Protein chains: 2
Amino acid sequence: MADVTQRILALLAMLQTGRAFSGDELVARLDVSPRTLRRDIDRLRAYGYPVTTQPGPGGHYRLTAGTALPPLVLDDDEAIATLLGLATLSATGRAAEGSVDEAAARAYGKVDQYLPKRLRHRAGQLRASLETSTTLAPSISADVLVSLADAMQRRHVVTFDYVGKDGSATSRRVHPYRHVHHNLRWYLLAWDTHKSDWRVFRIDRITGLQTSTSTYTPRPLPTDTALDYLRQGLDKDRERVVLTIDAPLPAVADAFTYQEAELVPLSDQRTRAVLKLDTWHWLLLNLAFLDADFTVHEPSGFRTALRAFGARLMDRE
Amino acid sequence: MADVTQRILALLAMLQTGRAFSGDELVARLDVSPRTLRRDIDRLRAYGYPVTTQPGPGGHYRLTAGTALPPLVLDDDEAIATLLGLATLSATGRAAEGSVDEAAARAYGKVDQYLPKRLRHRAGQLRASLETSTTLAPSISADVLVSLADAMQRRHVVTFDYVGKDGSATSRRVHPYRHVHHNLRWYLLAWDTHKSDWRVFRIDRITGLQTSTSTYTPRPLPTDTALDYLRQGLDKDRERVVLTIDAPLPAVADAFTYQEAELVPLSDQRTRAVLKLDTWHWLLLNLAFLDADFTVHEPSGFRTALRAFGARLMDRE
DNA sequence: GATGTTGCGGTCAGAATATGGCCACATCTG
DNA sequence: CAGATGTGGCCATATTCTGACCGCAACATC
């Protein structure tokens, strides 16, 4: 056979039936020498196909993936969920080479083969019916995730360059503890050896990751979960904002749906709101969507900034 | 790349995702010359894979559906992506019984068994290292998705009750065409037989789904993709906004990162921005984070509303 | 334990195939 | 129409593949 790739695909097609084939049979089918067949088998193994053999009388080659799969382990819903998880993950990011979303896109097209036969038809139907919109979020490297997970389990210290918000990179040497996924971003909770304190890093900003051989003694996590710590970190730079709004509580609650604000009715038409914000900017949408007068009691810096922005808005024309 | 077959399998894995790839992208990914890529594409076509192309701007290669593919093995990254897809999907929703996210959570604990032995250790490591935060989004039923997909393939008419924004339910009889995932929500694009027009439904608001035995004759989709139709629906109420900002283009691009704005530099310190918004409120954050003067040329309604809001901000105290 | 039948992997000379660069051309979009 | 994409022929060179040969390993049967 003149074309290697075609022959490999033909060999795969035969083996994927799950049947056992003797070397002689495959040699005849593929029209190659026994030695070449053995090379082809080696090649498939190198690609990750688990071809098993038995020498001696009745010897044969067989592709074990089909028979090794546990049947009925994933129920229908779980199989569908696997597919959907990959579909949505593959649409979250920019498909950068080596990224998790890129790998998800590839797996999305392959995962059928790991499903029981009766579910494959359904998976095909679902795939044909489905479209996902791209969500712009930072891509992360699968390699980095896996390396960090390994370092965590073995308690290995890692070093990396970390690109901050201003674009400058600093070298870090840390004890990694947890990965956290929050709001489409992946974070690493780690103990920073230079700062002698806990730090949270965005994984998409980590470059040049190196795992060292030195190990660290685990210390208790700063909070019950890494997610709690991440949330605390987000709260650290927030100020307590107190404002009064000339609107009834339900209307205010609606405007503050996406923020954890404490709301107290002062009257039928007036509500007091207390919340934490790191910057006055985030108040704008709440106040804009509320067609009501309001007073910012504190902090005074917010009040000043809002007034300055108001002046900017009015200076047009 | 040293091994042709492996490269062909990699090319197949990329193309089978159904996505369009430009020649440059495939060249970069496969690390071959453009000429070699074209030969590879020819090779795939010779094997019977229907690769379609489009020359000219936005030109690309795409594998059209419907072809039986050789069994493709999940590589390391893809296996990790499968796990991560399930982790993030299981955290998206309220884990209602019968929902996709609940099924994802169950599958998350089982998927190791589909991985080659060498990857199981890694999957366990990664799982142990990972936390995901719950994203509040509507849960959808896996059964509904699957039933709809089946109805789409067989061209069966379906009926269901649809709960609108005001909480009232209406009966619908539709020809289903596509599922769309957009901004954490799942939608159904269908032809509404009562309205004799296309409609988009949120799947979490569908109850009492019944598939009937009557079939429908397919009609052309209203747009190239269902996603385009969904976006058009979202765009319908959007106005073209034109503004000039006294800031350099990079600063403006940064402020408008999350919006599809067309930016044109008018000078070193002045930039023109054109974008579509359904309401002026969404301009506030862009303008607030940009510490620069600006002029809203159109629409005049936005200009008036922004000035009124500015007055509101200044009337405090 | 001996025998026969299978699969295994290294080596070699010659044959076959693949590659990138170059080019003129076709097709599509704005 | 200009620019950006895909197309396919040609060529010299580099790379890979092949069958034959060989000694060996693993298995089932007698």
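Keep in mind it's a predicted model, so treat the numbers as computed, not measured. Quick note on labels: first sequence line is chain A, next is B, and so on, each numbered from 1.
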Measure from [atom1] on [X] to [atom2] on [N] and round the result to the nearest Å.
{"X": "A/Leu37", "N": "C/dG7", "atom1": "CG", "atom2": "C1'", "value": "10 Å"}
{"X": "A/Leu26", "N": "C/dT6", "atom1": "CG", "atom2": "C1'", "value": "13 Å"}
{"X": "A/Asp31", "N": "D/dC17", "atom1": "CG", "atom2": "P", "value": "18 Å"}
{"X": "A/Leu44", "N": "C/dC8", "atom1": "CG", "atom2": "C1'", "value": "16 Å"}
{"X": "A/Leu15", "N": "C/dG7", "atom1": "CG", "atom2": "P", "value": "12 Å"}
{"X": "A/Phe21", "N": "C/dT6", "atom1": "CZ", "atom2": "P", "value": "17 Å"}
{"X": "A/Arg35", "N": "C/dG14", "atom1": "CZ", "atom2": "P", "value": "20 Å"}
{"X": "B/Arg39", "N": "D/dG9", "atom1": "CZ", "atom2": "P", "value": "10 Å"}

Residues that A/Arg38 engages under salt bridge (Lys or Arg N to Asp or Glu O under 4.0 Å), provided they are two or more places apart =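 Scan of A/Arg38 (salt bridge (Lys or Arg N to Asp or Glu O under 4.0 Å), adjacent residues dropped) gives none.
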Which part of the nucleic acid does [X] contact within heavy-atom distance under 4.0 Å: base, sugar-phosphate only, or nothing?
{"X": "B/Arg62", "result": "nothing"}
{"X": "B/Gly59", "result": "sugar-phosphate"}
{"X": "A/Ser33", "result": "base"}

Selection from D/dC27, D/dG6, D/dT7 that lies nearest to any side-chain heavy atom of A/Gln54 =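 The answer is D/dC27, which lies nearest to the side chain.
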Options C/dG7, D/dC17, D/dG6, nucleotide nearest the side-chain atoms of A/Tyr61 | C/dG7
First encountered from the 5' end of DNA chain D, between B/Asp24 and A/Gly56 = B/Asp24
Considering residues at least two apart in sequence or located in another chain, which fulfil the side chain to side chain donor-acceptor pair (under 3.5 Å) criterion with B/Asp192?
-> B/Arg172
Between D/dT16 and B/Arg7, is there an OP1 or OP2 to side-chain N/O distance shorter than 4.0 Å?
->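 For D/dT16, OP1/OP2 do not have a side-chain N/O of B/Arg7 under 4.0 Å.
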Examine C/dA18: is either OP1 or OP2 under 4.0 Å from a nitrogen or oxygen in the side chain of B/Arg43? Give yes or no.
-> yes
Taking the six-membered ring of B/Trp191, is the NZ or CZ of B/Arg219 close enough (under 6.0 Å from the centre) and on axis enough (within 45°)?
-> yes
Between A/Pro57 and A/Arg45, just flag the one whose closest nucleotide in DNA chain C comes earlier from the 5' side.
-> A/Pro57
5′-ward residue of the pair B/Asp40/A/Thr53 relative to DNA chain C = A/Thr53
Per the atom types in the model, does the base of C/dG9 pair as donor or acceptor with the side chain of A/Arg38 at under 3.5 Å?
-> yes
Could you tell me whether a side-chain N or O of A/Arg45 sits under 3.5 Å from a main-chain N or O of A/Val51, the two making a donor and an acceptor?
->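 Confirmed, A/Arg45 side chain pairs with A/Val51 backbone.
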A/Ser147 side-chain N/O to A/Val144 backbone N/O, donor-acceptor pair under 3.5 Å |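 No: the side chain of A/Ser147 does not pair with the backbone of A/Val144.
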